Number of protein chains: 2
Amino acid sequence: MSQKGEGVDLETSLGYLLKEASSALRVAMEEVLRPLGMSITHYSCLELLAQRPGLSNSELARGAFVTRQSMNVLLQALERDGYVTRPAEAPVGKSLPARLTPRGRRSLEKATAAVRSVEVRMLSGMTETERSAAFRSLQSMIRSLRGDSDGSSESA
Amino acid sequence: MSQKGEGVDLETSLGYLLKEASSALRVAMEEVLRPLGMSITHYSCLELLAQRPGLSNSELARGAFVTRQSMNVLLQALERDGYVTRPAEAPVGKSLPARLTPRGRRSLEKATAAVRSVEVRMLSGMTETERSAAFRSLQSMIRSLRGDSDGSSESA
DNA sequence: CAAGGTATGTCAGAATACTGACATGAGTCA
DNA sequence: TGACTCATGTCAGTATTCTGACATACCTTG
């Protein structure tokens, strides 16, 4: 609108580009999830539970990159609407393992397909080599930002 | 906490990894900006104005990946506090070109240094080749997500 | 066993961003 | 000129997320 608006410095910043890519992904996901009446955090929660049944509220929050308070609000709504169940009593400690109900699983199906299609589109212009290069790059950035000296497999 | 929590499918998804990286960057930026009493959007707005003086509210919103309504709230606060100035009348059309005041410029200095240091840390483990590969990968993802067939220089 | 540290679930309030809506100004086109 | 489209600035209300705080449960350490 005012000028061309290119090539100052922002356009050479990997941080800005990362935010730009993330924003584009968010917009694209919201676009396909909106018709299903589902937000990104909503979808993330269900997807996490599908792939790792029994995750606690705090674990879901970490997996969806929100605070456990925010996830708690969502989880209570999902529980109220019958997409998720949690035991009344914690089997151990305080953490309540959550699980998808059949209804939750059914609701997730379409969303998963929609999100997969977005990811496929995102990767459409890249070769397999480029994809794995991007994968390693992102992992490296995450590791550096978190201040780890190791970040690939610390379980064993 | 429950299990190890690895290797299901999320860990192989570039979309999830992108969100993870973006989240790590956001957390790191918030961490260094908080002592300066500045949010990310707040910083983004000032940085955009420093690099492209005269941007309008809507243009700033696009550059910071928020709606123009959200940016407007921020701009009004920045204007009220003397970091930014906008003319009372639009020189042409309705868009009001915003500019940093000396105070805004001074406030931005420390923030820029802090954010730069985060970006440096993020890239610390990567070679120059890896960085440009990551750059191209992210650009490709953005282009594909937005559905463009061309996305590098459409001004001329 | 007692004490400290860590992690969890949850409530409450504040901050932030979003959607919807309206009026204005500029450009296009018949 | 007049109708149409598009972009902008702005107001209002809603929604989502966050920070702060508290009590509880486990685990270590002395």
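Numbered from 1 within each chain, the chains take letters A, B, ... in sequence-line order. Bear in mind that the values here come from a model prediction, so they are computed numbers and not experimental data.
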Checklist entry - DNA chain C: B:G93 or A:R26, which has the more 5' nearest nucleotide? => result A:R26
Checklist entry - Nearest of C:dT8, C:dA21, D:dT8 to any side-chain atom of B:Q69? => result C:dA21
Next on the checklist: Go nucleotide by nucleotide along DNA chain D from the 5' end; which of A:V92 and A:V66 gets its closest nucleotide reached first?
Outcome noted: A:V66
Next on the checklist: Less than 4.0 angstrom between a side-chain N/O of B:S58 and OP1 or OP2 of D:dG9, yes or no?
Outcome noted: yes
Next on the checklist: So, OP1 or OP2 of D:dT10: does either fall under 4.0 Å of a side-chain N or O from B:N72?
Outcome noted: yes
Next on the checklist: Students often get this wrong, so: under 4.0 angstrom with heavy atoms, is A:L96 touching a base, only sugar-phosphate, or nothing?
Outcome noted: sugar-phosphate
Item to check | OP1 or OP2 of C:dC18 under 4.0 Å from side-chain N/O of B:T67 | outcome: yes
Next on the checklist: Any N or O donor-acceptor pair under 3.5 Å from the base of D:dG9 to the side chain of B:Q76?
Outcome noted: no
Checklist entry - Is any side-chain N or O of B:R62 closer than 4.0 Å to OP1 or OP2 of D:dT8? => result yes
Item to check | Closest to the A:R68 side chain, choosing from C:dT8, D:dT8, D:dT17 | outcome: C:dT8
Checklist entry - For B:R86 and A:S70, take the nucleotide of DNA chain D holding the closest heavy atom to each; which residue's nucleotide lies nearer the 5' end? => result B:R86
Next on the checklist: Just to be sure I understand the rule, does A:S95 reach a base, reach only the sugar-phosphate, or reach nothing, if contact means heavy atoms closer than 4.0 Å?
Outcome noted: sugar-phosphate
